[in-house]
Amino acid sequence: MTSSTPLPLVLAGPILRRLEPQRLAIWLVASQPLQAEFICPAGEAQVDCQVVAVAQHAFIHLLDIHFARPLPCNQLLEYDLLIDGQGIADWAPHLLYPGTRRPNLVLRDRLDQLLHGSCRKPHHPAADGLLCADRLLQACTTPADRPAVLLMTGDQVYADDVAGPMLRAIHVLIARLGLFDETLDGAVVADSQALYRHPACYYHRADLLPAQPRNETLRERFFGGKRKPIFSSSNADNHLVTFAEVMAMYLLVWSPVPWQLVNLDMPSGLSAPRQARYQQELPLIQAFADKLGQVARVMAHLPCLMIFDDHDITDDWNLSAQWEATAYGHPFSRRIIGNALLGYLLCQAWGNDPDACQALIGQCQALGSQPQDELIGELLRFQGWQFSLPSNPPLLVLDTRTRRWRSESSLAKPSGLLDWEALSELQLALLDHPSAIIVSPAPIFGVKLIETVQKVFSWLGYPLLVDAENWMAHRGAAQVILNIFRHSRTPGHYVVLSGDVHYSFVYEVLIRHRHRQRSPHLWQVTSSGIKNEFPRRLLDVLDRLNRWLYAPRSPLNWFTKRREMEVVPRTPSHSKAGERLWNGAGLGQVFFDEQGRPARVYQLDADGGEATEFIGRT
């Protein structure tokens, strides 16, 4: 497609977001403002559509649909979006399953089945785990077979780890759609166009950090002496900087349509090693793009809820009070973080809770016509990223990134994942429910050996080296979350869904409490990554050592907070040598019984192989 070819009307979407009996949120991006008519034979609907311009030819449409009467539950409900009289079958036929004329959805009366996963890196060589959901939907024969929701529990995009060919596609798409330019205060480049033309734009973005003598310490504090460019990610050679880059990334990871507008010709001026790296990454990006039609089809049929983790913004985001002071204390680093957070608001957060984000969306109407520092300030102060769904059982999704419990003993120590106020709100939300599903991007009950290694490195003053972010790394946050679980009026059954760690596991946890007739029963269910994996040999070693050192009856547990609980791992059905940790890209699938307990837990295989079941005690 040449630059003179008319743009597709719809660039991405529709993506189903929050679904309730009388409300549905839909996200869509078009090349011009649209008057879309929502059609659902199951009931009359009123559509409130907010349009946010992010480019000359890219307009985000946030459709908040209200139904006059509650939708019927457990039935296949067709829907359509008419644009100039044409439906989805006309302008996005890739979203339809064979034999259907319209996409459809199912409103479940309870959360008896869901899919979840995190960490979807486009250039990782593993297959895309979201393809598991596409295969599952094709195999569903009744509405009861359909998962109630797809939970994406962190790192939906990697703003800090971008392949060269993906960055090339981003820049071509920016030019094709006319995504807005911006000035860059405090950088060695004056604005976004200067960034895109700079010799360091590809694979050398660390060189674009402030270079004035007064900012030399800034570079050292970001890198920590480890030669890590832009903040702390070890793969940040192409870290996204501008809001235009962030928006283009979202379009390119969720829709096949923008790939029709780009080419992946190698940029000029790359050194021989960088050219070789580009050529190695190219087939990985091409393979990722080739399957996006199926991914988009899933997101048009399953309600999708999302929460950020660090890579959606930048590696180790808000790890410690010292990190925050450094990152937010300079206009350039603050802008980098703010741009990623702005993309998160428009592409992820609004669909989780339209009411909570309403005021911020209103402030986005002036994008492109005025500096965005004021809006970024509002985003950094916002405390409404967490959200809940009044389902059965209730679903509570935690923001473990921006409401942190800073260490009082040392600014360099890792912060707690939730502060006192956020933990108090969590306890209040849990009161008097018999069961609950909690989404915590990082596992609350993790692999003890790995947490111990993280603790040692943090104690030595190197938390960035080991991503020392776990619930037990901060004494105050750990104690309060355990006390919440022990509270006599909080649920007897909790299921904690997590990702982040690039491997999957299931723990059953019984917290001992001398004053409760029955101790609370928890299940830590971790699925990661959707398109990412842990180094296999290293994970095998850690798994084996963890089984030896921290077995349920190991005396070492008495030197940890596990002396107050019994932790029993479930065994993967394909375990060959007693493995408890399962390494492989895919999606988690959880079936719940009437009491909200996980009756069956699977890890679906991104390659299409047999699912792995985590088998509990009999």
Side-chain angles (χ1 to χ4, degrees), residues 18 111 114 116 118 149 151-154 305-310 317-318 348-349 352-353 355-357 381-407 414-446 469-500 507 509-511 513 515-516 519-526 561 564-565 590 592 596-598:
R18 187 182 180 109
L111 289 182
L114 58 78
H116 72 114
S118 75
V149 66
L151 292 171
M152 305 174 79
T153 60
L305 297 175
M306 311 169 185
I307 188 65
F308 48 44
D309 205 6
D310 55 345
W317 180 32
N318 294 341
Q348 296 194 55
N352 298 327
D353 192 344
D355 291 337
C357 297
R381 289 187 292 270
F382 185 60
Q383 294 197 335
W385 302 118
Q386 71 284 342
F387 62 95
S388 61
L389 196 66
S391 49
N392 176 26
L395 175 71
L396 295 91
V397 181
L398 307 183
D399 163 16
T400 59
R401 281 289 162 188
T402 75
R403 304 186 67 183
R404 293 207 154 187
W405 191 332
R406 282 83 181 176
S407 173
S415 299
L417 299 194
L418 283 183
D419 62 19
W420 173 266
E421 184 177 349
L423 286 164
S424 298
E425 292 172 7
L426 172 62
Q427 177 171 295
L428 187 64
L430 289 171
L431 289 179
D432 300 321
H433 288 291
S435 61
I437 301 171
I438 299 172
V439 173
S440 167
I444 293 180
F445 303 96
E469 297 175 286
N470 63 74
W471 278 87
M472 302 305 151
H474 186 280
R475 184 187 300 271
Q479 195 60 51
V480 172
I481 193 72
L482 293 178
N483 286 339
I484 289 174
F485 293 146
R486 294 190 188 98
H487 194 288
S488 61
R489 288 177 56 197
T490 54
H493 301 129
Y494 302 88
V495 178
V496 181
L497 302 177
S498 302
D500 177 60
Y507 287 166
V509 183
L510 192 66
I511 298 181
H513 194 309
H515 301 301
R516 284 187 74 161
S519 297
H521 199 163
L522 297 95
W523 290 264
Q524 172 67 65
V525 182
T526 303
K561 292 183 174 58
E564 304 169 348
M565 62 187 81
V590 186
F592 298 88
R597 300 172 298 191

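Everything quoted here is computed from the prediction, not taken from an experiment.
- Closest heavy-atom contact between Thr526 and Gly499: CG2-O, 3.8 Å.
- For Ala356 against Phe382, the heavy-atom pair with the smallest separation is O-CZ, 3.5 Å.
- The structure places CG of Asn392 at 9.0 Å from CD1 of Ile437, a figure rounded to the nearest 0.5 Å.
- For the atom pair CG of Leu398 and CG of Leu417, the computed distance is 9.5 Å after rounding to the nearest 0.5 Å.
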Any chance you could lay out the side chain to side chain contact (heavy atoms under 4.5 Å, CB included) test for Gln383 and Thr402, step after step, and finish with the verdict? CA-CA 8 Å; Gln383 294 197 335; Thr402 75; 5.9 Å; no
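- At least one donor-acceptor pair under 3.5 Å links the side chain of Arg404 to the backbone N or O of Asn318.
- Each of Leu305, Asp353, Thr153, Ile307 was checked for a side-chain contact (heavy atoms from CB on, under 4.5 Å) with Val397, and the lone residue meeting it is Ile307.
- Asp309 CG to Ser440 OG: the interatomic distance, rounded to the nearest 0.5 Å, is 8.5 Å.
- Note that the CZ atom of Arg401 and the OG atom of Ser415 stand 10.0 Å from one another [nearest 0.5 Å].
- Minimum interatomic distance between Leu418 and Thr400 (heavy atoms only, all atoms of both residues): CD2-CA, 4.3 Å.
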Chi angles and distances behind the side chain to side chain contact (heavy atoms under 4.5 Å, CB included) call for Ile444, Phe485: CA-CA 12 Å; Ile444 293 180; Phe485 293 146; 4.0 Å; yes
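- Nearest heavy atom pair, residue Pro441 against residue Asp500, reads O-CB, 3.3 Å.
- Ring geometry for His493 against Trp523 counts as tilted: the plane angle lies between 30° and 60°, on a 0 to 90° scale.
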Mind running side chain to side chain contact (heavy atoms under 4.5 Å, CB included) on Ile438 and Leu430 for me, showing each step along the way? CA-CA 10 Å; Ile438 299 172; Leu430 289 171; 4.3 Å; yes
For Gln386 and Glu425, what are the C-alpha separation, side-chain angles and deciding distance, and is it a side chain to side chain contact (heavy atoms under 4.5 Å, CB included)? CA-CA 10 Å; Gln386 71 284 342; Glu425 292 172 7; 4.2 Å; yes
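- Taking all atoms of both residues into account, the shortest heavy-atom contact from Ala436 to Leu396 is CB-CD1, 4.3 Å.
- In this structure, the side chain of Gln524 engages the main chain of Phe445 through a donor-acceptor pair within 3.5 Å.
- Side-chain contact between Val525 and His116 is present, with heavy atoms from C-beta onward closer than 4.5 Å.
- In this structure, Leu151 CG and Ser118 OG are separated by 11.5 Å, a value rounded to the nearest 0.5 Å.
- Counting heavy atoms from C-beta outward, Val509 and Tyr494 have side chains that stay 4.5 Å or more apart.
- The closest donor-acceptor contact from the side chain of Asp310 to the backbone of Trp317 lies at 3.5 Å or more, if one exists at all.
- Shortest non-hydrogen contact noted between Trp405 and Val480 is CZ3-CG2, 3.9 Å.
- Taking the ring pair (Phe, Tyr, Trp, His ring centres under 6.0 Å) definition, one finds that Phe387 meets it with nothing, sequence neighbours left out.
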